[in-house]
Amino acid sequence: MKKRKIPTRKCILTNEMFAKKDLLRIVKNKEGEISVDPTGKKAGRGAYVVADLEVIKAAQEKKQLEKFFSATPEVMEPIYNEVIRLIYRKSIPQK
């Protein structure tokens, strides 16, 4: 039997490769709007961040996403909150 290839992407915060399912996608569309894309299908320039609370909190303190997307902290605050909410949702076991 042939093994299936697992798609990997690089996290912009840690510069490490992870399986795509372990990452969250953040998108900046043509209008310049930034949003979290849990489906991975939204149109726009996407960047992946690892679904790790400690990494996200450290990035928030260092303002890494603000630098990457050339955005203000006011624009990125809801993005950080949404990423943290999705990480908590992933950690709850599904029935």
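Residue K62 comes nearest to K67 through the heavy atom pair O-NZ, 3.3 Å, listed as atom of the first residue, atom of the second, then distance. In plain terms, the two heavy atoms of V83 and V36 that are nearest each other are CG2-CG2, 3.8 Å. E66 approaches P73 most closely through the heavy-atom pair OE2-CA, 3.6 Å. When all heavy atoms of A47 and F68 are compared, the closest pair comes out as CB-CE2, 3.5 Å. Across every non-hydrogen atom of L86 and P38, the tightest pair is CD1-CB, 4.2 Å.
Side-chain contact between L53 and Y88 is present, with heavy atoms from C-beta onward closer than 4.5 Å.
Note: I26 CD1 to M76 CE = 5.5 Å, rounded to the nearest 0.5 Å. Atoms NZ and CG, on K21 and L23 in that order, are 10.0 Å from each other to the nearest 0.5 Å. Once rounded to the nearest 0.5 Å, the distance linking CG of D52 with CG of L13 reads 10.0 Å. Rounding to the nearest 0.5 Å gives a distance of 11.0 Å between CG of L24 and CD1 of I84. From D22, atom CG reaches atom CD of E16 across 12.0 Å, with rounding to the nearest 0.5 Å. Here L65 contributes atom CG and E77 contributes atom CD; the two are 11.0 Å apart, rounded to the nearest 0.5 Å.
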*Where do E82 and R85 land on the salt bridge (charged side-chain N to carboxylate O under 4.0 Å, His left out) test, with the steps shown first?*
CA-CA 5 Å; E82 178 74 3; R85 188 182 68 77; 2.8 Å; yes
*Going through the checks in order, is the side-chain contact (heavy atoms from CB on, under 4.5 Å) test met by V55 and V49?*
CA-CA 9 Å; V55 172; V49 294; over 6 Å; no
*Please walk me through it: do F18 and T8 pass side-chain contact (heavy atoms from CB on, under 4.5 Å)?*
CA-CA 5 Å; F18 292 96; T8 59; over 6 Å; no
*Under the side-chain contact (heavy atoms from CB on, under 4.5 Å) criterion, do Y48 and K10 qualify, and how do the steps go?*
CA-CA 7 Å; Y48 292 88; K10 185 182 272 193; over 6 Å; no
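Counting only N and O atoms by type, the side chains of S35 and K42 include a donor and acceptor under 3.5 Å apart.
Considering only residues two or more places apart in sequence or on other chains, D37 meets the salt bridge (Lys or Arg N to Asp or Glu O under 4.0 Å) condition with R25. In this view, R45 satisfies the salt bridge (Lys or Arg N to Asp or Glu O under 4.0 Å) rule with no residue, not counting sequence neighbours. Scanning for side-chain hydrogen bond (donor to acceptor under 3.5 Å, both in side chains) contacts around S70 gives an empty result, with sequence neighbours left out.
When atom types are taken as modelled, the side chain of K28 and the backbone of F69 share a donor-acceptor pair closer than 3.5 angstrom.
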